[in-house]
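All values below come from the heavy atoms of this structure, side chains included, with hydrogens, waters and symmetry mates left out.
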Amino acid sequence: AKETAEIIGKELDAEIIFEKSLRERNYGILEGLTKEEIEEKGLGRFHQKLKERDFVPPEGGESQKEVAERVHTALTHLKN
């Protein structure tokens with residue numbers, strides 16, 4: 001996304017503001033794994049719970065609720 005924004009910003013002569021709070025969700029122990037790898041490692045129980053709003057994946061993951069709050073805060077800050 002950063003690279004795409006830089007290309008578009010250059011074409012439009014627009015300032016690009018990078019806000020680290022608008023990063024992707026951290027999936028903790030599941031980060032970077034395919035569904036097959038998750039199953040192979042015996043982590044399927046965590047994968048199923050990702051749909052739950054308050055579930056926080058182990059090892060530094062974020063819940064859907066935490067991501068929503070983080071993004072909302074960042075957008076509110078940028079708006080002002």
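Applying the side chain to side chain contact (heavy atoms under 4.5 Å, CB included) rule to Glu19 yields the partners Ser21, Leu22, Ala74, Leu78; only residues at least two apart in sequence or on another chain are considered. For the side chain to side chain contact (heavy atoms under 4.5 Å, CB included) test, residues two or more places apart in sequence or in another chain that qualify with Glu59 are Ile29. When the side chain to side chain contact (heavy atoms under 4.5 Å, CB included) test is applied to Glu39, no partner is found at least two apart in sequence or on another chain. For Ile8, the side chain to side chain contact (heavy atoms under 4.5 Å, CB included) criterion is met by Thr4, Leu12, not counting sequence neighbours.
The two atoms that bring Gly61 and Glu66 nearest to each other are O-OE1, 4.1 Å, heavy atoms only. In terms of heavy atoms, Glu37 sits closest to Gly32 at OE1-O, 3.9 Å.
For residues 43-52, the set of pairs meeting the salt bridge (Lys or Arg N to Asp or Glu O under 4.0 Å) definition, not counting sequence neighbours, comprises Lys49-Glu52. Sorted by first and then second residue, the pairs that involve residues 68-80 and meet salt bridge (Lys or Arg N to Asp or Glu O under 4.0 Å), not counting sequence neighbours, are Glu62-Arg70.
Rounding to the nearest 0.5 Å gives a distance of 12.0 Å between CG of Leu43 and CD of Gln48. Atom OG of Ser63 sits about 11.0 Å away from atom CG of Asn26, to the nearest 0.5 Å. The distance from the NZ atom of Lys10 to the CD atom of Glu6 is 10.0 Å, given to the nearest 0.5 Å. Annotation: the span from His47 atom NE2 to Tyr27 atom OH amounts to 8.5 Å, rounded to 0.5 Å.
Grouped by direct or indirect side-chain proximity (heavy atoms under 4.5 Å, Ile/Leu/Val/Met/Phe/Trp/Tyr only), Phe18 sits with Ile16.
Remark: the backbone N or O of Leu50 is paired with a side-chain donor or acceptor of Gln64 at under 3.5 angstrom.
Between Phe46 and Ile38, the closest side-chain pair of non-hydrogen atoms is not below 4.5 Å.
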